[in-house]
Amino acid sequence: MSEAHKTAERQDAGPSTVTGVDRFFRITERGSTFGREIRGGFATFFTMAYILVLNPLILGSAKDKFGEQLDPVQLTTATALVAAVMTIVMGVGGNLPLALAAGLGLNAVVAFQLAPLMSWDDAMGLIVLEGLLICVLVVTGLREAVMHAIPQQLKQAISVGIGLFIALIGFVDAGFVTRIPDAANTTVPVQLGSTGTLAGWPMLVFCVGVLLTLGLLARKVRGAILIGIVTMTVVALVVNAIADVETWGLTTPEWPDRIVDAPDFGLLGQFSLFGAFGQVGVVTVVLLVFTLVLSDFFDTMGTVVGVSAEAGLLDEDGKVPGLGKVLLIDGAAAVAGGAASASSATSYIESAAGVGEGARTGFANLLTGALFGLALFFTPLLTIVPLQAAAPALVAVGFLMMTQVKHIEWDRYEIAVPAFLTIAVMPFTYSITNGIGAGFLAYVLIKTVLGRAKEVHWLLWGTSALFLVYFAIDPIEQLLGV
(Lines give C-alpha, C1' and ligand atoms only; values in the text may rest on other atoms or scores of the structure.)
Protein backbone atom coordinates (compact mmCIF):
# COMPACT_ATOMS: atom_id res chain seq x y z
CA MET A 1 0.00 0.00 0.00
CA SER A 2 1.45 3.39 -1.02
CA GLU A 3 1.98 6.20 1.48
CA ALA A 4 -0.58 8.32 -0.41
CA HIS A 5 -3.20 5.63 -0.01
CA LYS A 6 -2.40 5.29 3.68
CA THR A 7 -2.78 9.05 4.15
CA ALA A 8 -6.08 9.13 2.28
CA GLU A 9 -7.36 6.20 4.32
CA ARG A 10 -6.54 7.96 7.56
CA GLN A 11 -8.27 11.12 6.36
CA ASP A 12 -11.35 9.15 5.38
CA ALA A 13 -11.40 7.52 8.79
CA GLY A 14 -12.63 10.68 10.46
CA PRO A 15 -11.51 12.67 13.47
CA SER A 16 -8.28 12.44 15.43
CA THR A 17 -9.78 10.01 17.93
CA VAL A 18 -9.98 7.42 15.17
CA THR A 19 -6.39 8.18 14.21
CA GLY A 20 -5.46 7.54 17.83
CA VAL A 21 -7.17 4.15 17.65
CA ASP A 22 -5.31 3.45 14.41
CA ARG A 23 -1.99 4.25 16.10
CA PHE A 24 -2.80 2.26 19.24
CA PHE A 25 -3.67 -0.91 17.33
CA ARG A 26 -1.12 -0.21 14.55
CA ILE A 27 -3.81 -0.89 11.96
CA THR A 28 -2.28 1.03 9.06
CA GLU A 29 1.24 0.02 10.08
CA ARG A 30 0.28 -3.63 9.65
CA GLY A 31 -1.25 -3.01 6.25
CA SER A 32 -4.86 -3.32 7.41
CA THR A 33 -7.92 -1.03 7.43
CA PHE A 34 -10.86 -0.53 9.78
CA GLY A 35 -13.08 -2.26 7.24
CA ARG A 36 -10.90 -5.35 7.14
CA GLU A 37 -10.68 -5.48 10.92
CA ILE A 38 -14.47 -5.27 11.23
CA ARG A 39 -15.01 -7.99 8.63
CA GLY A 40 -12.42 -10.13 10.41
CA GLY A 41 -14.15 -9.63 13.75
CA PHE A 42 -17.47 -10.80 12.31
CA ALA A 43 -15.86 -13.80 10.59
CA THR A 44 -14.11 -14.97 13.75
CA PHE A 45 -17.29 -14.72 15.82
CA PHE A 46 -19.46 -16.65 13.39
CA THR A 47 -16.75 -19.29 12.95
CA MET A 48 -16.41 -20.00 16.69
CA ALA A 49 -19.91 -19.11 17.97
CA TYR A 50 -20.69 -22.83 18.06
CA ILE A 51 -18.96 -22.92 21.46
CA LEU A 52 -22.00 -21.15 22.91
CA VAL A 53 -23.92 -24.36 22.16
CA LEU A 54 -21.21 -27.01 22.58
CA ASN A 55 -19.77 -25.88 25.91
CA PRO A 56 -23.15 -26.06 27.72
CA LEU A 57 -23.78 -29.34 25.89
CA ILE A 58 -20.56 -30.97 27.13
CA LEU A 59 -20.54 -29.55 30.66
CA GLY A 60 -24.30 -29.71 31.12
CA SER A 61 -24.58 -33.37 30.14
CA ALA A 62 -22.16 -34.54 32.86
CA LYS A 63 -22.73 -35.13 36.57
CA ASP A 64 -20.27 -34.55 39.35
CA LYS A 65 -19.40 -37.02 42.11
CA PHE A 66 -22.58 -36.10 43.95
CA GLY A 67 -24.90 -36.39 40.95
CA GLU A 68 -25.24 -32.63 40.42
CA GLN A 69 -25.53 -31.10 36.93
CA LEU A 70 -24.83 -27.53 35.85
CA ASP A 71 -27.70 -25.41 34.53
CA PRO A 72 -27.50 -25.02 30.70
CA VAL A 73 -28.79 -21.44 30.76
CA GLN A 74 -26.22 -20.39 33.34
CA LEU A 75 -23.51 -22.23 31.39
CA THR A 76 -24.42 -20.37 28.21
CA THR A 77 -24.22 -17.07 30.07
CA ALA A 78 -20.86 -17.93 31.63
CA THR A 79 -19.45 -19.13 28.28
CA ALA A 80 -20.48 -15.95 26.47
CA LEU A 81 -19.27 -13.66 29.27
CA VAL A 82 -15.78 -15.16 29.51
CA ALA A 83 -15.41 -15.19 25.72
CA ALA A 84 -16.50 -11.56 25.48
CA VAL A 85 -14.25 -10.23 28.22
CA MET A 86 -11.10 -12.20 27.47
CA THR A 87 -11.33 -11.68 23.70
CA ILE A 88 -11.43 -7.92 24.27
CA VAL A 89 -8.57 -8.13 26.79
CA MET A 90 -6.47 -10.04 24.25
CA GLY A 91 -7.27 -7.43 21.62
CA VAL A 92 -6.25 -4.50 23.81
CA GLY A 93 -3.39 -6.16 25.70
CA GLY A 94 -1.94 -8.52 23.08
CA ASN A 95 -2.95 -6.62 19.91
CA LEU A 96 -3.44 -9.84 17.96
CA PRO A 97 -6.61 -10.91 16.09
CA LEU A 98 -6.85 -13.87 18.47
CA ALA A 99 -10.21 -14.63 20.08
CA LEU A 100 -10.65 -16.74 23.22
CA ALA A 101 -13.43 -18.96 24.57
CA ALA A 102 -13.95 -22.19 26.49
CA GLY A 103 -11.60 -24.78 25.00
CA LEU A 104 -12.95 -27.91 23.37
CA GLY A 105 -11.04 -30.87 24.78
CA LEU A 106 -10.40 -28.97 27.98
CA ASN A 107 -14.11 -28.88 28.76
CA ALA A 108 -14.23 -32.62 28.07
CA VAL A 109 -11.52 -33.12 30.70
CA VAL A 110 -13.59 -31.13 33.19
CA ALA A 111 -16.85 -32.91 32.41
CA PHE A 112 -15.68 -36.50 32.10
CA GLN A 113 -12.44 -36.60 34.05
CA LEU A 114 -12.69 -34.10 36.91
CA ALA A 115 -16.39 -33.91 37.74
CA PRO A 116 -16.90 -37.64 38.41
CA LEU A 117 -14.16 -37.45 41.07
CA MET A 118 -15.32 -34.32 42.91
CA SER A 119 -17.90 -31.54 43.04
CA TRP A 120 -18.29 -29.00 40.26
CA ASP A 121 -16.90 -26.30 42.55
CA ASP A 122 -13.77 -28.40 43.15
CA ALA A 123 -13.38 -29.13 39.43
CA MET A 124 -13.59 -25.46 38.50
CA GLY A 125 -11.11 -24.69 41.28
CA LEU A 126 -8.60 -26.93 39.51
CA ILE A 127 -9.15 -24.92 36.33
CA VAL A 128 -8.31 -21.75 38.25
CA LEU A 129 -5.17 -23.41 39.63
CA GLU A 130 -4.21 -24.52 36.11
CA GLY A 131 -4.54 -20.96 34.83
CA LEU A 132 -2.49 -19.57 37.70
CA LEU A 133 0.22 -22.16 37.05
CA ILE A 134 0.35 -21.21 33.37
CA CYS A 135 0.76 -17.57 34.39
CA VAL A 136 3.65 -18.55 36.68
CA LEU A 137 5.27 -20.55 33.87
CA VAL A 138 5.02 -17.54 31.58
CA VAL A 139 6.34 -15.04 34.12
CA THR A 140 9.28 -17.22 35.18
CA GLY A 141 10.20 -18.29 31.66
CA LEU A 142 9.68 -21.96 32.49
CA ARG A 143 7.45 -22.31 29.44
CA GLU A 144 10.60 -23.01 27.41
CA ALA A 145 11.46 -25.95 29.66
CA VAL A 146 7.94 -27.33 29.41
CA MET A 147 7.94 -26.92 25.62
CA HIS A 148 11.17 -28.84 25.20
CA ALA A 149 10.23 -31.60 27.62
CA ILE A 150 7.50 -33.15 25.47
CA PRO A 151 8.42 -34.41 21.98
CA GLN A 152 6.47 -32.56 19.30
CA GLN A 153 4.94 -35.70 17.84
CA LEU A 154 3.73 -36.80 21.25
CA LYS A 155 1.99 -33.43 21.63
CA GLN A 156 0.32 -34.01 18.29
CA ALA A 157 -0.74 -37.49 19.41
CA ILE A 158 -2.38 -35.93 22.45
CA SER A 159 -4.41 -33.63 20.19
CA VAL A 160 -5.40 -36.58 17.99
CA GLY A 161 -6.45 -38.61 21.01
CA ILE A 162 -8.56 -35.75 22.36
CA GLY A 163 -10.12 -35.44 18.90
CA LEU A 164 -11.17 -39.09 18.91
CA PHE A 165 -12.45 -38.70 22.46
CA ILE A 166 -14.55 -35.68 21.49
CA ALA A 167 -15.94 -37.52 18.46
CA LEU A 168 -16.88 -40.48 20.66
CA ILE A 169 -18.66 -38.10 23.04
CA GLY A 170 -20.62 -36.77 20.06
CA PHE A 171 -21.64 -40.27 18.97
CA VAL A 172 -22.65 -41.22 22.50
CA ASP A 173 -24.54 -37.99 23.25
CA ALA A 174 -26.57 -38.38 20.07
CA GLY A 175 -27.32 -42.04 20.81
CA PHE A 176 -25.54 -43.19 17.66
CA VAL A 177 -23.67 -45.68 19.85
CA THR A 178 -24.76 -46.98 23.24
CA ARG A 179 -23.48 -49.34 25.91
CA ILE A 180 -24.79 -52.90 26.01
CA PRO A 181 -25.59 -53.94 29.60
CA ASP A 182 -25.23 -57.67 30.22
CA ALA A 183 -27.14 -59.78 32.75
CA ALA A 184 -25.09 -58.30 35.58
CA ASN A 185 -25.79 -54.78 34.25
CA THR A 186 -22.10 -54.03 33.73
CA THR A 187 -20.54 -52.04 30.93
CA VAL A 188 -19.53 -54.07 27.88
CA PRO A 189 -18.67 -53.04 24.29
CA VAL A 190 -20.84 -50.46 22.55
CA GLN A 191 -23.32 -51.10 19.76
CA LEU A 192 -25.00 -49.15 16.97
CA GLY A 193 -27.98 -47.24 18.35
CA SER A 194 -29.89 -48.64 21.31
CA THR A 195 -30.83 -51.94 19.64
CA GLY A 196 -28.13 -52.54 17.06
CA THR A 197 -29.90 -50.37 14.48
CA LEU A 198 -30.50 -46.66 13.98
CA ALA A 199 -34.09 -45.63 14.61
CA GLY A 200 -36.15 -42.50 15.20
CA TRP A 201 -36.33 -38.95 13.92
CA PRO A 202 -33.67 -37.58 16.31
CA MET A 203 -31.17 -40.08 14.94
CA LEU A 204 -31.96 -38.98 11.39
CA VAL A 205 -31.31 -35.37 12.41
CA PHE A 206 -27.91 -36.37 13.82
CA CYS A 207 -26.86 -38.39 10.78
CA VAL A 208 -27.88 -35.68 8.33
CA GLY A 209 -26.12 -33.14 10.54
CA VAL A 210 -22.85 -35.10 10.41
CA LEU A 211 -23.02 -35.40 6.62
CA LEU A 212 -23.91 -31.71 6.22
CA THR A 213 -21.17 -30.44 8.53
CA LEU A 214 -18.45 -32.64 7.04
CA GLY A 215 -19.60 -31.70 3.54
CA LEU A 216 -19.34 -28.00 4.37
CA LEU A 217 -15.88 -28.56 5.86
CA ALA A 218 -14.81 -30.39 2.73
CA ARG A 219 -15.88 -27.40 0.65
CA LYS A 220 -14.00 -25.14 3.09
CA VAL A 221 -17.12 -23.11 3.87
CA ARG A 222 -16.39 -20.55 6.57
CA GLY A 223 -18.48 -21.10 9.65
CA ALA A 224 -19.24 -24.68 8.58
CA ILE A 225 -19.70 -25.94 12.13
CA LEU A 226 -22.02 -23.10 13.13
CA ILE A 227 -24.01 -23.44 9.89
CA GLY A 228 -24.44 -27.15 10.60
CA ILE A 229 -25.72 -26.51 14.13
CA VAL A 230 -28.15 -23.78 13.07
CA THR A 231 -29.48 -25.72 10.06
CA MET A 232 -30.09 -28.93 11.97
CA THR A 233 -31.67 -27.04 14.87
CA VAL A 234 -34.20 -25.59 12.42
CA VAL A 235 -34.78 -29.07 11.00
CA ALA A 236 -35.23 -30.44 14.53
CA LEU A 237 -37.78 -27.71 15.34
CA VAL A 238 -39.78 -28.65 12.24
CA VAL A 239 -39.53 -32.39 12.92
CA ASN A 240 -40.62 -31.94 16.53
CA ALA A 241 -43.63 -29.88 15.41
CA ILE A 242 -44.95 -32.32 12.80
CA ALA A 243 -43.74 -35.76 13.94
CA ASP A 244 -44.47 -37.92 16.95
CA VAL A 245 -41.08 -37.96 18.70
CA GLU A 246 -40.94 -39.91 21.94
CA THR A 247 -37.87 -38.16 23.34
CA TRP A 248 -34.97 -35.96 22.24
CA GLY A 249 -32.97 -36.53 25.41
CA LEU A 250 -31.83 -33.59 27.52
CA THR A 251 -33.16 -30.80 25.26
CA THR A 252 -36.39 -30.77 23.28
CA PRO A 253 -36.30 -28.42 20.26
CA GLU A 254 -39.23 -26.11 21.02
CA TRP A 255 -39.44 -22.41 20.23
CA PRO A 256 -39.03 -20.45 23.49
CA ASP A 257 -41.62 -18.07 24.89
CA ARG A 258 -39.14 -15.25 24.42
CA ILE A 259 -35.93 -14.86 22.45
CA VAL A 260 -34.30 -12.17 24.59
CA ASP A 261 -33.84 -12.52 28.33
CA ALA A 262 -31.66 -11.18 31.12
CA PRO A 263 -28.47 -13.21 31.52
CA ASP A 264 -28.22 -15.56 34.50
CA PHE A 265 -24.85 -15.12 36.25
CA GLY A 266 -25.58 -17.75 38.90
CA LEU A 267 -22.42 -19.78 38.22
CA LEU A 268 -19.96 -16.90 38.60
CA GLY A 269 -17.63 -17.39 41.54
CA GLN A 270 -18.79 -20.97 42.18
CA PHE A 271 -15.39 -22.60 42.60
CA SER A 272 -13.31 -24.08 45.41
CA LEU A 273 -9.59 -23.50 44.97
CA PHE A 274 -8.33 -26.36 47.14
CA GLY A 275 -11.39 -28.55 47.63
CA ALA A 276 -10.16 -31.19 45.17
CA PHE A 277 -7.22 -32.08 47.41
CA GLY A 278 -9.60 -33.41 50.02
CA GLN A 279 -11.59 -35.36 47.43
CA VAL A 280 -8.93 -37.21 45.44
CA GLY A 281 -5.57 -36.61 47.11
CA VAL A 282 -2.45 -34.65 46.24
CA VAL A 283 -0.94 -37.02 43.63
CA THR A 284 -4.14 -37.24 41.59
CA VAL A 285 -4.64 -33.47 41.78
CA VAL A 286 -1.08 -32.87 40.55
CA LEU A 287 -1.63 -35.20 37.60
CA LEU A 288 -5.00 -33.68 36.73
CA VAL A 289 -3.65 -30.14 36.83
CA PHE A 290 -0.65 -31.22 34.75
CA THR A 291 -3.01 -32.72 32.16
CA LEU A 292 -4.92 -29.44 31.96
CA VAL A 293 -1.73 -27.38 31.71
CA LEU A 294 -0.34 -29.65 29.01
CA SER A 295 -3.49 -29.50 26.88
CA ASP A 296 -4.01 -25.77 27.35
CA PHE A 297 -0.40 -24.62 27.11
CA PHE A 298 0.63 -26.42 23.95
CA ASP A 299 -2.66 -25.90 22.15
CA THR A 300 -2.21 -22.20 22.81
CA MET A 301 1.36 -22.16 21.55
CA GLY A 302 0.34 -23.85 18.31
CA THR A 303 -2.66 -21.58 17.86
CA VAL A 304 -0.79 -18.36 18.56
CA VAL A 305 2.06 -19.21 16.21
CA GLY A 306 -0.28 -20.51 13.51
CA VAL A 307 -2.61 -17.50 13.51
CA SER A 308 0.30 -15.04 13.70
CA ALA A 309 2.04 -16.75 10.80
CA GLU A 310 -1.16 -16.68 8.73
CA ALA A 311 -1.44 -12.95 9.44
CA GLY A 312 2.20 -12.37 8.48
CA LEU A 313 3.02 -11.01 11.92
CA LEU A 314 6.03 -13.20 12.82
CA ASP A 315 9.34 -11.37 12.98
CA GLU A 316 12.46 -12.32 11.04
CA ASP A 317 13.27 -14.97 13.65
CA GLY A 318 9.81 -16.51 13.40
CA LYS A 319 8.75 -15.16 16.80
CA VAL A 320 5.32 -13.84 17.74
CA PRO A 321 5.28 -10.14 18.69
CA GLY A 322 4.58 -9.69 22.41
CA LEU A 323 4.37 -13.44 23.00
CA GLY A 324 4.82 -13.03 26.75
CA LYS A 325 1.74 -10.80 27.02
CA VAL A 326 -0.30 -13.10 24.80
CA LEU A 327 0.51 -16.19 26.86
CA LEU A 328 -0.11 -14.33 30.11
CA ILE A 329 -3.55 -13.24 28.91
CA ASP A 330 -4.28 -16.80 27.81
CA GLY A 331 -3.38 -18.02 31.29
CA ALA A 332 -5.62 -15.36 32.81
CA ALA A 333 -8.41 -16.59 30.52
CA ALA A 334 -8.10 -20.05 32.06
CA VAL A 335 -8.46 -18.48 35.51
CA ALA A 336 -11.50 -16.50 34.36
CA GLY A 337 -13.09 -19.60 32.82
CA GLY A 338 -12.74 -21.58 36.02
CA ALA A 339 -13.98 -18.72 38.19
CA ALA A 340 -17.09 -18.43 35.99
CA SER A 341 -17.65 -22.23 35.83
CA ALA A 342 -17.29 -22.11 32.03
CA SER A 343 -14.20 -24.36 31.98
CA SER A 344 -10.77 -23.17 30.86
CA ALA A 345 -10.84 -20.48 28.17
CA THR A 346 -8.09 -20.53 25.57
CA SER A 347 -7.06 -19.08 22.21
CA TYR A 348 -9.06 -20.33 19.20
CA ILE A 349 -7.56 -21.51 15.93
CA GLU A 350 -10.84 -20.37 14.34
CA SER A 351 -9.39 -16.86 14.64
CA ALA A 352 -7.68 -17.71 11.35
CA ALA A 353 -11.07 -17.07 9.71
CA GLY A 354 -10.83 -13.44 10.76
CA VAL A 355 -7.27 -13.26 9.51
CA GLY A 356 -8.51 -14.63 6.21
CA GLU A 357 -10.89 -11.66 6.03
CA GLY A 358 -8.00 -9.25 6.55
CA ALA A 359 -7.77 -8.82 10.33
CA ARG A 360 -4.23 -8.06 11.46
CA THR A 361 -4.67 -6.38 14.85
CA GLY A 362 -6.50 -6.64 18.14
CA PHE A 363 -9.12 -4.16 16.91
CA ALA A 364 -10.96 -7.09 15.30
CA ASN A 365 -11.26 -8.60 18.78
CA LEU A 366 -13.30 -5.63 19.96
CA LEU A 367 -16.06 -6.56 17.54
CA THR A 368 -15.79 -10.30 18.20
CA GLY A 369 -15.97 -9.68 21.94
CA ALA A 370 -18.91 -7.30 21.54
CA LEU A 371 -20.83 -9.96 19.59
CA PHE A 372 -20.21 -12.49 22.37
CA GLY A 373 -21.44 -9.88 24.81
CA LEU A 374 -24.60 -9.42 22.74
CA ALA A 375 -25.15 -13.19 22.84
CA LEU A 376 -25.57 -12.93 26.62
CA PHE A 377 -29.09 -11.63 26.04
CA PHE A 378 -30.12 -14.34 23.56
CA THR A 379 -29.62 -17.32 25.87
CA PRO A 380 -33.20 -18.66 25.40
CA LEU A 381 -32.56 -18.95 21.66
CA LEU A 382 -29.28 -20.79 22.23
CA THR A 383 -30.74 -23.34 24.66
CA ILE A 384 -33.25 -24.88 22.22
CA VAL A 385 -30.55 -26.79 20.37
CA PRO A 386 -31.00 -30.55 20.89
CA LEU A 387 -28.08 -32.93 21.32
CA GLN A 388 -28.73 -34.43 17.89
CA ALA A 389 -28.23 -31.03 16.21
CA ALA A 390 -25.13 -30.07 18.21
CA ALA A 391 -23.34 -33.43 18.42
CA PRO A 392 -22.37 -33.44 14.71
CA ALA A 393 -20.12 -30.50 15.55
CA LEU A 394 -18.26 -32.68 18.06
CA VAL A 395 -17.69 -35.30 15.37
CA ALA A 396 -16.45 -32.59 12.98
CA VAL A 397 -14.11 -31.08 15.58
CA GLY A 398 -12.82 -34.58 16.29
CA PHE A 399 -12.02 -34.96 12.59
CA LEU A 400 -10.19 -31.64 12.48
CA MET A 401 -8.06 -32.58 15.49
CA MET A 402 -7.43 -36.02 14.00
CA THR A 403 -5.73 -34.50 10.94
CA GLN A 404 -2.58 -33.93 13.02
CA VAL A 405 -1.95 -37.69 12.89
CA LYS A 406 -0.17 -37.13 9.56
CA HIS A 407 2.76 -35.50 11.38
CA ILE A 408 3.58 -38.64 13.39
CA GLU A 409 6.37 -40.85 12.03
CA TRP A 410 4.72 -44.27 12.26
CA ASP A 411 7.83 -46.12 11.09
CA ARG A 412 9.76 -44.93 14.17
CA TYR A 413 8.53 -47.21 16.96
CA GLU A 414 10.11 -45.06 19.68
CA ILE A 415 7.51 -42.37 18.92
CA ALA A 416 4.84 -44.41 17.11
CA VAL A 417 4.11 -46.78 20.02
CA PRO A 418 3.68 -43.98 22.62
CA ALA A 419 1.62 -42.02 20.09
CA PHE A 420 -0.61 -45.02 19.41
CA LEU A 421 -1.19 -45.68 23.11
CA THR A 422 -1.95 -42.01 23.74
CA ILE A 423 -4.48 -41.93 20.91
CA ALA A 424 -6.11 -45.30 21.68
CA VAL A 425 -6.29 -45.17 25.47
CA MET A 426 -8.10 -41.82 25.62
CA PRO A 427 -11.38 -42.86 23.92
CA PHE A 428 -11.21 -46.51 25.02
CA THR A 429 -10.93 -45.58 28.72
CA TYR A 430 -12.97 -42.37 28.40
CA SER A 431 -10.06 -40.51 29.98
CA ILE A 432 -7.64 -37.95 28.57
CA THR A 433 -5.37 -38.32 31.60
CA ASN A 434 -5.03 -42.07 31.09
CA GLY A 435 -4.04 -41.55 27.46
CA ILE A 436 -1.35 -39.01 28.26
CA GLY A 437 -0.01 -41.18 31.06
CA ALA A 438 0.16 -44.29 28.87
CA GLY A 439 1.99 -42.36 26.17
CA PHE A 440 4.53 -40.83 28.54
CA LEU A 441 5.32 -44.12 30.25
CA ALA A 442 5.70 -45.93 26.93
CA TYR A 443 8.00 -43.19 25.60
CA VAL A 444 10.30 -43.33 28.63
CA LEU A 445 10.32 -47.14 28.61
CA ILE A 446 11.16 -47.49 24.91
CA LYS A 447 13.88 -44.84 25.07
CA THR A 448 15.39 -46.71 28.01
CA VAL A 449 15.18 -50.09 26.27
CA LEU A 450 16.93 -48.60 23.23
CA GLY A 451 19.73 -47.31 25.47
CA ARG A 452 18.81 -43.69 24.84
CA ALA A 453 17.45 -42.74 28.24
CA LYS A 454 19.60 -39.60 28.27
CA GLU A 455 17.46 -38.18 25.45
CA VAL A 456 14.43 -38.01 27.78
CA HIS A 457 14.00 -34.62 29.43
CA TRP A 458 14.17 -34.64 33.23
CA LEU A 459 10.70 -33.10 33.41
CA LEU A 460 9.30 -36.03 31.42
CA TRP A 461 11.01 -38.47 33.79
CA GLY A 462 9.41 -36.77 36.76
CA THR A 463 5.99 -36.65 35.14
CA SER A 464 6.19 -40.30 34.13
CA ALA A 465 7.05 -41.23 37.71
CA LEU A 466 3.88 -39.44 38.84
CA PHE A 467 1.85 -41.29 36.23
CA LEU A 468 3.34 -44.59 37.40
CA VAL A 469 2.10 -43.83 40.91
CA TYR A 470 -1.24 -42.75 39.41
CA PHE A 471 -1.78 -46.06 37.59
CA ALA A 472 -0.48 -48.17 40.50
CA ILE A 473 -2.22 -46.21 43.25
CA ASP A 474 -4.39 -49.15 44.39
CA PRO A 475 -1.58 -51.69 45.01
CA ILE A 476 0.54 -48.90 46.53
CA GLU A 477 -2.24 -48.05 48.97
CA GLN A 478 -2.68 -51.73 49.82
CA LEU A 479 1.07 -52.08 50.35
CA LEU A 480 1.12 -49.07 52.65
CA GLY A 481 -2.08 -50.12 54.37
CA VAL A 482 -3.75 -46.80 53.51
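Just so we're clear, the structure is a prediction, and the values are computed from it rather than from any experiment.
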K.L.:
Say you draw a straight line from CG of L381 to CG of L52; how long is it, rounded to the nearest 0.5 Å?
P.N.:
11.0 Å

K.L.:
Are W120 and V110 close enough, and set up right, to give a side-chain contact (heavy atoms from CB on, under 4.5 Å), and what steps lead you there?
P.N.:
CA-CA 9 Å; W120 283 111; V110 176; 4.0 Å; yes

K.L.:
Assign the ring pair F206 / F176 to parallel, tilted or perpendicular, where the plane angle (0 to 90°) is split at 30° and 60°.
P.N.:
tilted

K.L.:
If we ignore hydrogens and angles and just use 3.5 Å, is the side chain of Y348 paired with the main-chain N or O of A102 as donor and acceptor?
P.N.:
yes

K.L.:
Could you measure the distance from the CG atom of L54 to the CG atom of L59? Nearest 0.5 Å is fine.
P.N.:
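Answer rounded to 0.5 Å: 10.5 Å.
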
K.L.:
If we ignore hydrogens and angles and just use 3.5 Å, is the side chain of T87 paired with the main-chain N or O of L100 as donor and acceptor?
P.N.:
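A pair under 3.5 Å: yes.
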
K.L.:
Do I329 and M86 touch side chain to side chain, with heavy atoms closer than 4.5 Å?
P.N.:
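A side-chain contact exists here, since the closest heavy-atom pair is under 4.5 Å.
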
K.L.:
Within a radius of less than 6.0 Å around CZ of F428, do more than 12 heavy atoms belonging to other residues, nucleotides or ligands occur?
P.N.:
no

K.L.:
Compare every heavy atom of P380 with every heavy atom of P256, then report the nearest pair and how far apart it is.
P.N.:
CG-O, 3.9 Å

K.L.:
Walk me through whether L164 and M402 qualify under side-chain contact (heavy atoms from CB on, under 4.5 Å).
P.N.:
CA-CA 7 Å; L164 284 180; M402 180 73 184; 4.0 Å; yes

K.L.:
Taking atom CG of L273 and atom CE of M124, what is their separation to the nearest 0.5 Å?
P.N.:
14.0 Å

K.L.:
With a 4.5 Å limit on heavy-atom distance, are the side chains of L400 and I225 in contact?
P.N.:
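Answer yes - side chains close enough.
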
K.L.:
I'd like to check the side-chain hydrogen bond (donor to acceptor under 3.5 Å, both in side chains) partners of E68; sequence neighbours left out, ordered by chain and number.
P.N.:
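Partners of E68 under the side-chain hydrogen bond (donor to acceptor under 3.5 Å, both in side chains) test: none.
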
K.L.:
Would you say the side-chain atoms of E455 pair up with the backbone N or O of K447, donor to acceptor, closer than 3.5 Å?
P.N.:
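Here the side-chain-to-backbone pair does not exist.
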
K.L.:
Write down the atom of A83, the atom of A101, and the distance for their closest heavy-atom approach.
P.N.:
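Scanning both residues completely, I find the closest heavy atoms to be CB-CB, 3.9 Å.
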
K.L.:
Is there a side-chain contact between V405 and W410 (heavy atoms, below 4.5 Å)?
P.N.:
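A side-chain contact exists here, since the closest heavy-atom pair is under 4.5 Å.
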
K.L.:
About how many Å separate OG1 of T213 and CE of M232, when rounded to the nearest 0.5 Å?
P.N.:
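So the gap between those two atoms works out to 8.0 Å.
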
K.L.:
Taking the side chain as every heavy atom from C-beta outward, state whether F372 and V82 have any atom pair closer than 4.5 Å.
P.N.:
no

K.L.:
Tell me, please, which residues at least two apart from F440 pass ring-ring contact (aromatic ring centres under 6.0 Å, His included).
P.N.:
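F440 satisfies ring-ring contact (aromatic ring centres under 6.0 Å, His included) with F467 once adjacent residues are dropped.
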
K.L.:
Check this for me: F420, atom CZ, are more than 12 non-hydrogen atoms of other residues, nucleotides or ligands nearer than 6.0 Å?
P.N.:
no

K.L.:
Would you mind reporting whether L126 and M118 have side-chain heavy atoms less than 4.5 Å apart?
P.N.:
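The answer is yes; the side chains approach within 4.5 Å.
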
K.L.:
Under 3.5 Å, is there a donor-acceptor pair between the D264 and T77 side chains?
P.N.:
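Absent: no donor and acceptor within the cut-off.
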
K.L.:
I'd like to check the side-chain hydrogen bond (donor to acceptor under 3.5 Å, both in side chains) partners of N240; sequence neighbours left out, ordered by chain and number.
P.N.:
W248

K.L.:
Do other residues, nucleotides or ligands put more than 12 heavy atoms under 6.0 Å from W201 CH2?
P.N.:
no

K.L.:
Taking all non-hydrogen atoms of both residues into account, name the closest pair between A340 and A78 and its distance.
P.N.:
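Closest approach of A340 to A78: O-CB, 3.3 Å.
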
K.L.:
Go through L327 and I134 one step at a time and tell me if the side-chain contact (heavy atoms from CB on, under 4.5 Å) criterion holds.
P.N.:
CA-CA 8 Å; L327 292 178; I134 287 179; 6.0 Å; no

K.L.:
Using modelled atom types only, decide if a donor and an acceptor are shared between the side chain of T79 and the backbone of A342 within a distance under 3.5 Å.
P.N.:
no

K.L.:
Please enumerate all residues that pass side-chain hydrogen bond (donor to acceptor under 3.5 Å, both in side chains) together with D64, with sequence neighbours excluded.
P.N.:
none

K.L.:
Could you tell me whether the side chain of T233 and the main chain of V385 form a donor-acceptor pair under 3.5 Å?
P.N.:
no

K.L.:
How many angstroms lie between atom CD of Q270 and atom CD of Q74, to the nearest 0.5 angstrom?
P.N.:
8.5 Å

K.L.:
Determine whether V208 and V235 make a side-chain contact, defined as any pair of heavy atoms from C-beta on separated by less than 4.5 Å.
P.N.:
no

K.L.:
Closest heavy-atom contact between G439 and T422?
P.N.:
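What the structure gives for the nearest pair is CA-OG1, 3.1 Å.
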
K.L.:
Are any of the side-chain heavy atoms of F377 and D261 separated by less than 4.5 Å?
P.N.:
no

K.L.:
Give, for atom CG of L292 and atom CG of L288, the distance between the pair rounded to the nearest 0.5 Å.
P.N.:
7.0 Å

K.L.:
For residues 387-396, which residue pairs qualify under side chain to side chain donor-acceptor pair (under 3.5 Å), counting only residues two or more places apart or in two chains?
P.N.:
none

K.L.:
State which residues pass side-chain hydrogen bond (donor to acceptor under 3.5 Å, both in side chains) with N365; sequence neighbours excluded, sorted by chain then number.
P.N.:
none

K.L.:
Report yes or no: does Q69 contribute a side-chain atom to a donor-acceptor pair with the main-chain N or O of G60 at less than 3.5 Å?
P.N.:
yes

K.L.:
Indicate the atoms forming the closest heavy-atom contact of G161 with P427, along with that distance.
P.N.:
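For G161 and P427, the tightest heavy-atom pair comes out as O-CD, 4.3 Å.
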
K.L.:
Check the angle between the aromatic planes of F277 and F274 and answer parallel, tilted or perpendicular using the 30° and 60° thresholds.
P.N.:
tilted

K.L.:
Set out, in order, the CA-CA distance, both residues' side-chain angles and the distance that settles side-chain contact (heavy atoms from CB on, under 4.5 Å) for M426 and I158, then state yes or no.
P.N.:
CA-CA 9 Å; M426 282 188 194; I158 291 170; 4.0 Å; yes

K.L.:
Could you check whether any side-chain heavy atom of I415 comes within less than 4.5 Å of a side-chain heavy atom of P151, counting everything from C-beta outward?
P.N.:
yes

K.L.:
For the residue pair C135 and A332, what are the closest heavy atoms and their distance?
P.N.:
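It is SG-N, 3.7 Å.
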
